Amino acid sequence: MTDIQKRYLTAKRALFDRYYARLNERQREAVYHINGPLLILAGAGSGKTTVLVERIAYIIRYGDAYRNNAVPFDIGERDVTALEHAATADMSREELGALLGQFAVDPCPPWRILAITFTNKAAGEIKARIAAAFPQDETVSRDIWAGTFHSVCMRILRRYTAEVGLQAGFSVYDTDDAKKAMTAVLKDLNIDEKVLSAKSALAAVSRAKDHLIGPEEFEMQIENDDFGFVDDYRKKQIAKVYSAYQTRLRRSNALDFDDIIFYATRLLQQNEGICALYQNQFRYVLVDEYQDTNYAQFELTRILSQMPRETYNLMVVGDDDQSIYKFRGADIKIILGFTEKIKSTPKAEIIRLEQNYRSTQPILDAANAVIAHNETRRPKTLWTERRGGSRIHVLNPKDQNEEARAIVDIIQQKVANGENHYRDFAVLFRVNAQSNALEQGFARSAVPYRMLGGVRFSDRKEIRDLVAYLQVINNHADRERLLRIINEPRRKIGDKTLAAVAEIAEAEHTTLFEVMARADRYIALARSADTLKGFTALIEGLSADLPYAKLDEFVEEVLDRTGYRQMIKDAGETEAERLDNLEEFVSNVKEYMNGAEAPTLTEFLEINALVADVDRYDDTADAVVLMTIHSAKGLEFPQVFLPGFEEGIFPGMQTVMAGPAELEEERRLAYVAITRAKDELYIAHAASRMLYGRTMPNPPSRFLDEIPPELLQQPKTTKYAHGETAQAAPRRYGKTGFSAPGAAERITVGRPAPAARPTVTFAPGDRVHHNNFGDGLVLSVQRMGADYLYEIAFDTVGTKRMMATYAKLTKL
DNA sequence: ATGGGGCTGCTTTTT
DNA sequence: GCAGCCCCAT
């Protein structure tokens, strides 16, 4: 290579580095590395999504520009000098980006890029950020294949429905439908639920599908104990159940969630022609949250990303330390074994993103220290350029109620002092059962809060019923949904009749609906033939009208003609909310119609099945948020509380019993919890706690012990002897149940406690002065225990609420 | 068919 | 502690 050529390449790379100056070196490396398999180990808060999006944009704009060593044959001294000058020239980012266009090598059209995520939210975010990166061309984000594993597989299955043995308009069963089907299967096979529960049978079936093992293979592989089945008899039972369950679903022209991945992957494995079609289409495959994948998903992405000559353009990004979904099938070995499992030329490479853009160093040190106790991981150490940051506050309340009070108090003080907004705070707990005490604590205070993870809209009975009607109209074979609505409202079709129908359907290998439609031909159904035929005629009538109606009007029609709306109206005033929910559903239908090119019932139902609730976390509302640690994954908050850091809760009793691998998963959960915090972290462990109706004296969590003491701001307390707490300051409780400053004092030991200044009481209408906020008008005064809460409208900074003890106020 | 009483069991969640 | 489920009585 000549000198000029070398200078050309150096100048080109310098220009790219300048264009991507906002990224750190590791991140840039990840963007430039586009050919061959790549594993990006992205620590918490390391800018993972940014890299994913920038890399996609880079592939579309520049192809393999950076790493390619090609030099134009006619390059001259003058060209190189011009490039070298450009690296320091005054240029906007857009100008620079356009200049880089000349280096493009095989830029890739968007429709040849596949980006897979786990949630619709994540897929939506990628699309939105791609759209923002190409403001002049909205086709880019439209054409990219960005979706969840399930939506991508559905796209394949929709196209090759017959090839996997389904008919158009097939149903997708959610967990609830699947459980109903499984319960029925167990009953059919005369298996006692106590011997084999529907829950564990479903879990076993789900694990089998995760490993791409169908019912036939399952039966054959029965000796291979890979799933931890205790005994052979149980395995044989499960084999029978699996097969019967699968048959039941097929006859319903239905799939469960696992089937979506299973059937799509199988199709690609077994049908070379179809497989080649997709392989030729996709030049680059990207997978997010790779630590949450299972074997089937690994295989799916491996196949789709395979290029000619044993090359894989597959980038996966994830963090083995944040693998917390083993219980739903995720297998940490997939990310840990990625480089060995993908045999490719060039070989798989690993890039680590360890610079954290979220937390203070003490928080990262604590997280690093805890996770370092795990054996099964790829070592990483998070660091930040952020300087300073306070130590981790440890709270040691007496019980779960005092824990809630302490948290509420701290939040109130910080907001009153103007240090934070309510929305800055998150309370993250291990188990939902903890939420009761916490919620009560918040409900009794003036602190606005939101609980995440209640009953979801789509889980409401009336919504499920309406969807079931629509499903049966769309797919008459759907047995689970048919059974759900056949007697809702009451149609006098009882269990005995249905059992007779089911028996005939079984004998004739047909569907319940078919048998019911021809009920008059069967002696066994003679008495109820009219009712049964009345029902099928109702459904068929609606189906016939479907092509001629607008979808939203059709749904209204369904509500009226089935008598469902009337049934709820008859139920009276108390059911008004359910009517509202049905209307809400209709407006969801309208919303879908607005966004769809050619709206159909089938497509609507499919989206409805695959999309849970629309963005349940709204971070604009100014309220403290309460949720499980699991649901907080991927989120961040300036102030984080972690209540229940106790043995028996976190790690939970069952986890400790289950073994070392489970304990490591629990530790990863602790790591996720700690790394949610940006500025301050509060860890609480109550001396005793009532959970599930039992009061337990819990020692502090081993995870707390794993944090070096110098990172902690401990309350003045010694070791616990069976839950006996050495309390520091005496507590006083106000009438409203607040522990005014008492609880907070314990967490500020080590720092001088806020001086108890004489409280001057002000009345609404008084003009006051505050050191930070200037002058203002007192709007209201509210007694809070031994203290007062002022609401003050400041002339310059707006209205603030503050506790009298902490507000440095003087009367004007 | 419906509702009340007693019993169990019970991390974590998205698709 | 409580929700959800089964069973039995009406």
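Fair warning: this is a prediction, and the values are worked out from it, not measured in the lab. Every chain is numbered from 1, with letters handed out A, B, ... down the list of sequences.
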> So among A/Phe641, A/Phe637, A/Phe645, A/Phe425, which one has a ring pair (Phe, Tyr, Trp, His ring centres under 6.0 Å) with A/Tyr682?
Replying inline: A/Phe641
> Taking A/Asn294 for the side chain and A/His211 for the main chain, is one N or O donor matched with an acceptor at less than 3.5 Å?
Replying inline: no
>> Counting only heavy atoms from other residues, nucleotides and ligands, does the tally under 6.0 Å from NZ of A/Lys333 exceed 12?
In response: no
Hey, what are the protein-to-nucleotides 6-12 of chain B N/O distances that come in under 3.5 Å?
residue	atom	partner	partner atom	Å
B/dT11	OP1	A/Gln654	NE2	2.3
B/dT11	OP2	A/Tyr692	OH	3.4
B/dT11	O5'	A/Gln654	NE2	3.4
B/dT12	OP1	A/Asn432	N	2.8
B/dT12	OP1	A/Asn432	ND2	3.2
B/dT12	O4'	A/Arg430	NH1	3.4
B/dT12	O2	A/Arg430	NH2	3.3

> Between A/Arg456 and B/dT13, is there a side-chain N or O to OP1/OP2 distance below 4.0 Å?
Replying inline: no
> Where does B/dT11 land, syn or anti, once you apply the within-90°-of-0 test for syn?
Replying inline: syn
> In whole angstroms, how far is the P atom of B/dT14 from the CG atom of A/Asn294?
Replying inline: 17 Å
>> Nearest whole Å is fine: how far is C/dG1 P from A/Gln440 CD?
In response: 11 Å
> A/Asp210 CG to B/dT15 P: how many Å, rounded?
Replying inline: 16 Å
> Between A/Phe327 and A/His630, is the ring centre distance below 6.0 Å?
Replying inline: yes
> From A/Glu577 CD over to A/Asn581 CG, what is the distance, rounded to the nearest 0.5 angstrom?
Replying inline: 5.5 Å
>> I need the CG-C1' distance between A/Asn401 and C/dG1, as an integer number of Å.
In response: 13 Å
> Whole-Å distance between C/dC6 P and A/Asp192 CG?
Replying inline: 12 Å
>> Using OP1 and OP2 only, check whether a side-chain N or O of A/Asn120 sits under 4.0 Å from B/dT15.
In response: yes
N/O contacts under 3.5 Å, protein versus nucleotides 1-5 of chain B?
residue	atom	partner	partner atom	Å
B/dT2	OP1	A/Arg490	NH1	3.1
B/dT2	OP2	A/Arg490	NH1	2.8
B/dT2	OP2	A/Arg490	NH2	3.4

> What are the residues of residues 174-185 of chain A, sorted by number, that bring a heavy atom to within less than 4.0 Å of DNA chain B?
Replying inline: A/Thr175
> Separation of A/Asp288 atom CG from B/dT14 atom P, in whole Å?
Replying inline: 16 Å
Could you pull out all donor-acceptor pairs under 3.5 Å where a side-chain atom in residues 657-667 of chain A meets a protein atom, sequence neighbours excluded?
residue	atom	partner	partner atom	Å
A/Glu662	OE2	A/Lys326	NZ	3.3
A/Glu664	OE1	A/Thr376	N	3.1
A/Glu664	OE1	A/Thr376	OG1	3.3
A/Glu664	OE2	A/Glu375	N	2.6
A/Glu665	OE1	A/Arg668	NH2	2.9
A/Glu665	OE2	A/Tyr325	N	3.3
A/Glu665	OE2	A/Lys326	N	2.9
A/Glu666	OE1	A/Arg430	NH2	3.1
A/Glu666	OE2	A/Arg430	NE	2.9
A/Glu666	OE2	A/Gly652	N	3.2
A/Arg667	NE	A/Glu706	OE1	2.9
A/Arg667	NE	A/Glu706	OE2	3.4
A/Arg667	NH1	A/Asn374	OD1	2.8
A/Arg667	NH2	A/Glu706	OE2	2.8

> Hey, do the aromatic rings of A/Phe585 and A/Phe604 have their centres closer than 6.0 Å?
Replying inline: yes
>> I'd like to check the side-chain hydrogen bond (donor to acceptor under 3.5 Å, both in side chains) partners of A/Arg129; sequence neighbours left out, ordered by chain and number.
In response: A/Thr50, A/Glu125
> With rounding to whole Å, what would you report as the distance between B/dT13 and C/dG4 at their P atoms?
Replying inline: 16 Å
>> Applying a 4.0 Å non-hydrogen cut-off, can you work out what A/Met653 is touching in the nucleic acid: base, sugar-phosphate, or nothing?
In response: nothing
> Can you tell me how far C1' of B/dT15 sits from CG of A/Asn608, to the nearest Å?
Replying inline: 12 Å
>> Quick one, A/Asp478 with A/Ser171, criterion side chain to side chain donor-acceptor pair (under 3.5 Å). Give me CA distance, side-chain angles, the key distance, then yes/no.
In response: CA-CA 7 Å; A/Asp478 191 329; A/Ser171 298; 2.6 Å; yes
> Is there a salt bridge (charged side-chain N to carboxylate O under 4.0 Å, His left out) between A/Lys461 and A/Glu488 once you walk through the steps?
Replying inline: CA-CA 11 Å; A/Lys461 183 183 164 357; A/Glu488 197 79 30; 3.4 Å; yes
>> Suppose we screen for salt bridge (charged side-chain N to carboxylate O under 4.0 Å, His left out). Which residues come up paired with A/Asp530, at least two apart in sequence or across chains?
In response: none
> Are A/Arg484 and A/Asp465 close enough for a salt bridge, meaning some N to O gap below 4.0 Å?
Replying inline: yes
> CG of A/Leu255 versus C1' of B/dT15: gap in Å, rounded?
Replying inline: 12 Å
